[in-house]
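The structure appears below as structure tokens.
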Amino acid sequence: MTARSRGTAEDVDLLEGLWRRWARAGRDAPASVWERPGLGVWSVKELYAHVSRGATTTLDLTGRATDGAPGIPDGAGYFGLLMAKGVRPDEGVAELAKEWAARNSVTSLAEAFDSAAVPVLEAARRRPDRLLPTIAGTMRTLDYLVTRVVEATVHLLDFDAVVADAPTPPEEALTRTAVVLADLVAPDDFIRSATGRGPAVFPVLR
């Protein structure tokens with residue numbers, strides 16, 4: 001892993017902008033889209049519920065923050081550790097998203113981004129080095145927010161692919177996500193694979 005995937009103040013700003021886009025997407029999308037296929041086994045509403053639940057989970061983790069030395073060094077380290085343990089981030093997530101979508105209206109899912117944003121972003125700006133107890137281990141608040149930038153960006157691309165006129169990720173979020181994903185692969189293997197020389201490394205994350 002490299003310092004490129006360490007969280008910075010700019011990541012807080014990126015996540016704020018992304019969550020605003022997600023909230024707007026929920027408010028603006030017509031009722032007719034929510035039962036459409038969204039991603040794999042998910043409907044559009046279930047895809048949306050997955051990202052909304054991620055915002056509320058981040059708020060919960062922020063409320064359980066502690067001090068100390070982090071167990072995970074950066075955003076890429078979070079994803080890399082899950083993969084090294086054989087734990088895929090999407091395992092079990094599909095059913096949770098379905099359950100969350102069934103329990104919540106689109107309005108409440110959209111409002112979750114607004115209600116989570118203020119305390120989460122305030123905590124990150126005020127005490128960025130506080131440790132959050134994530135499913136992979138403890139990590140700095142700023143570093144965990146990097147993982148939320150990646151999730152929000154990737155899934156906003158999914159949402160935009162199936163919902164006309166949906167918000168798209170800003171260029172800065174796309175670039176940030178690309179950097180984190182590239183950090184999951186050894187640079188020489190990434191270069192060889194990207195230029196058709198092998199070994200095959202894609203996808204680096206699902």
Side-chain angles (χ1 to χ4, degrees), residues 7-36 38-39 42-65 75 78 89 93-94 96-128 130-135 139-177 180:
T8 69
E10 286 74 19
D11 292 305
V12 184
D13 296 336
L14 275 180
L15 186 60
E16 181 175 22
L18 286 163
W19 278 357
R20 284 177 179 169
R21 282 171 164 79
W22 275 103
R24 187 168 77 251
R27 290 191 292 265
D28 293 350
S32 60
V33 307
W34 296 107
E35 297 309 315
R36 292 178 186 170
L39 176 68
W42 285 342
S43 67
V44 172
K45 185 182 178 184
E46 289 160 353
L47 168 64
Y48 192 85
H50 167 65
V51 185
S52 175
R53 184 175 178 273
T56 59
T57 297
T58 304
L59 177 59
D60 174 66
L61 293 176
T62 299
R64 295 190 284 129
Y78 169 85
V93 169
L96 286 173
K98 288 175 176 289
E99 293 171 7
W100 200 247
R103 290 166 51 188
N104 292 275
S105 67
V106 171
T107 298
S108 65
L109 292 172
E111 289 175 347
F113 290 105
D114 296 323
S115 60
V118 172
V120 166
L121 300 172
E122 180 183 75
R125 288 173 174 133
R126 184 166 45 88
R127 300 193 67 182
R130 291 270 281 173
L131 302 185
L132 303 187
T134 79
I135 60 171
M139 58 194 305
R140 294 191 315 142
T141 297
L142 281 186
D143 295 331
Y144 185 70
L145 293 198
V146 172
T147 73
R148 299 310 88 194
V149 167
V150 171
E151 285 274 326
T153 299
V154 170
H155 287 311
L156 195 55
L157 290 174
D158 294 329
F159 193 89
D160 177 63
V162 294
V163 179
D165 301 319
T168 57
E171 189 66 31
E172 297 85 355
L174 294 170
T175 300
R176 187 65 170 123
T177 298
V180 175

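Just so it is clear, the values below take in all heavy atoms, side chains as well, and ignore hydrogens, waters and symmetry mates. If you read the sequence from its start, that first residue is 1, and numbering goes on from there.
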Nearest heavy-atom neighbours spanning [X] and [Y]:
| X | Y | result |
| --- | --- | --- |
| D160 | A166 | OD1-O, 3.4 Å |
| A112 | T56 | CB-CG2, 3.8 Å |
| V163 | A29 | CG1-CB, 4.2 Å |
| L156 | T168 | CD2-C, 3.7 Å |
| E46 | A97 | O-CB, 3.6 Å |
| F113 | A55 | CD2-CB, 4.0 Å |

Quick one: [atom1] on [X] to [atom2] on [Y], what's the gap to the nearest 0.5 Å?
| X | Y | atom1 | atom2 | result |
| --- | --- | --- | --- | --- |
| D165 | D28 | CG | CG | 9.5 Å |
| L142 | L132 | CG | CG | 9.5 Å |
| L14 | R176 | CG | CZ | 8.0 Å |
| L121 | D13 | CG | CG | 8.5 Å |
| H155 | L18 | NE2 | CG | 12.5 Å |
| E111 | S52 | CD | OG | 10.0 Å |

Keeping [X] on the side-chain end and [Y] on the backbone end, is there a donor-acceptor pair under 3.5 Å?
| X | Y | result |
| --- | --- | --- |
| E122 | P119 | no |
| W42 | K98 | no |
| K45 | E35 | no |
| T175 | E172 | no |
| D143 | G7 | yes |
| T177 | A173 | yes |

> What is the ring orientation for W34 with Y48, classed by angle as parallel under 30°, tilted 30 to 60°, or perpendicular over 60°?
Replying inline: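 W34 and Y48: perpendicular rings.
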> Relative to the ring of Y144, is the ring of Y78 parallel (under 30°), tilted (30 to 60°) or perpendicular (over 60°)?
Replying inline: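 Correct class here is perpendicular.
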Could you check whether any side-chain heavy atom of [X] comes within less than 4.5 Å of a side-chain heavy atom of [Y], counting everything from C-beta outward?
| X | Y | value |
| --- | --- | --- |
| L39 | F159 | no |
| E151 | V51 | no |
| R127 | T141 | no |
| V12 | V120 | no |

> Could you go step by step and tell me if L145 and T58 meet the side-chain contact (heavy atoms from CB on, under 4.5 Å) rule?
Replying inline: CA-CA 8 Å; L145 293 198; T58 304; 4.0 Å; yes
>> Just to verify, which of R148, R125, R21 counts as forming a salt bridge (Lys or Arg N to Asp or Glu O under 4.0 Å) with E16?
In response: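 Per the salt bridge (Lys or Arg N to Asp or Glu O under 4.0 Å) rule, the option paired with E16 is R125, out of R148, R125, R21.
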> Does the side-chain contact (heavy atoms from CB on, under 4.5 Å) test come out yes or no for V162 and V33, once each step is laid out?
Replying inline: CA-CA 8 Å; V162 294; V33 307; over 6 Å; no
> W100: what forms a ring pair (Phe, Tyr, Trp, His ring centres under 6.0 Å) with it, not counting sequence neighbours?
Replying inline: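 Per chain and number, W100 pairs via ring pair (Phe, Tyr, Trp, His ring centres under 6.0 Å) with no residue.
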>> Regarding D60 and R53, does a basic nitrogen lie under 4.0 Å from an acidic carboxylate oxygen?
In response: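 R53 and D60: not salt-bridged.
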> CZ of R103: more than 12 outside heavy atoms within 6.0 angstrom?
Replying inline: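 No.
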